[in-house]
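Residue numbers start at 1 and run along the sequence shown. Quantities reported herein were computed from a predicted structural model and do not represent experimental measurements.
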Amino acid sequence: MTDNNEWVIFIKNIPYDITENGLSDWCMTFGPVKECALKRDRFGHSRGFAFVSFANIDGYNNILSSGPHSCSGRPLIVKSAKEQKNSNDSPSYASDQQSQATSFLSTNDNFNSTTVDNGVAFDDENQNHLANLRDELEANLECLQIAHDHEVKILSEKLAKEKKLYQDALESYKDAEENLTKAREDNIRIRTSLIKNVMQTFNIRRNLARQIKEQITNCSRIEGQCDAFRQQTT
């Protein structure tokens, strides 16, 4: 019914002459109202209960904490739509509803075989009870739907957060993998450069050793020539 299902109030036992505007104006004394849904039957008559969505949590808390409430001399039942849903889930509530339905049917076992006069008596004595029971069940069904929507919203938000965390983790893993690949490539490049430098150093040393050997050979040859020259001059 509304985006903020956690701020929805269930109001019951509303006088049948109260309109949506009147109910909304009364609720606005507690805080800004986002939506006021007074439930009606197929003929447009008020069914005596409504769901009111407040625009913020302050109005929601104010109306719940300031009871008891009444309107035109009738006490109003005001509770959170979620609280109404939880009371519907209890075994005692289900048993009570079943007992009411069973009691109603047992007092009208001969309904299908009654005359027109008996039918009129049935309407006068039991139609209000039947309408109230139906309204109660439909109100409870809507409370369940509100609670369901709220739970779906919470689960969707959790799922979105978990999905974002997963995507962030995946991105972090990709970044780490890219950094590792880059580090490996840098390591290979450095090792290749180091090996190249070592080979260049080795070649330089080998050439230097060759040159030294050549110089030693030249020195030996020159010394031999010097010795031969000395012998010739003596």
Check: Ile77 main-chain N/O paired with Asn13 side-chain donor or acceptor under 3.5 Å:
no
How long is the gap from CZ on Phe30 to CG on Leu64, to the nearest 0.5 Å?
10.0 Å
What's the separation between atom CE in Met199 and atom CD1 in Ile195, rounded to the nearest 0.5 Å?
9.5 Å
Check this for me: does any side-chain nitrogen of one of Glu177 and Lys182 sit under 4.0 Å from a carboxylate oxygen of the other?
no
With the side chain counted from C-beta on, respond yes when Ile212 and Leu208 share a heavy-atom pair under 4.5 Å apart, and no when they do not.
yes
Name the atoms and distances for all side-chain donor-acceptor pairs under 3.5 Å in residues 159-167, with sequence neighbours left out.
from	atom 1	to	atom 2	distance (Å)
Lys164	NZ	Asp168	OD2	3.1

Which pair of heavy atoms, one from Phe49 and one from Lys12, lies closest together, and at what distance?
CB-CA, 4.1 Å
Give, for atom SG of Cys36 and atom CE of Met28, the distance between the pair rounded to the nearest 0.5 Å.
10.5 Å
Within the 4.5 Å heavy-atom criterion, are Ser66 and Val78 side-chain neighbours or not?
no
Do Phe51 and Lys39 make a side-chain contact, defined as non-hydrogen atoms from C-beta onward lying under 4.5 Å apart?
yes
So, Tyr60 and Ser53: side-chain donor and acceptor under 3.5 Å apart, yes or no?
no
State, with a plain yes or no, whether a side-chain heavy atom of Ile18 is found less than 4.5 Å away from one of Leu38.
no
Which value, rounded to the nearest 0.5 Å, describes the distance between Leu23 atom CG and Ile14 atom CD1?
5.0 Å
Would you find more than 12 non-hydrogen atoms of other residues, nucleotides or ligands less than 6.0 Å from Arg205 atom CZ?
no
About how many Å separate CZ of Arg191 and CZ of Arg189, when rounded to the nearest 0.5 Å?
13.5 Å
Contact between Ile9 and Phe54 at the side-chain level, heavy atoms closer than 4.5 Å - yes or no?
yes
Taking the side chain from Asn218 and the backbone from Glu214, do they hold a donor-acceptor pair closer than 3.5 Å?
yes
Quick check: are there more than 12 heavy atoms from other residues, nucleotides or ligands sitting under 6.0 Å from CZ of Arg221?
yes
Using modelled atom types only, decide if a donor and an acceptor are shared between the side chain of Thr19 and the backbone of Gly22 within a distance under 3.5 Å.
yes
Hey, are the side chains of Arg230 and Cys226 touching, using non-hydrogen atoms and a 4.5 Å cut-off?
yes
Can you give me the closest heavy-atom contact between Gly48 and Ser46, atom names plus distance?
N-OG, 3.2 Å
Going from CH2 on Trp26 to CD1 on Ile11, what distance comes out if it is rounded to the nearest 0.5 angstrom?
5.0 Å
Taking side chain as C-beta onward, heavy atoms only, is Ile63 less than 4.5 Å from His69?
yes
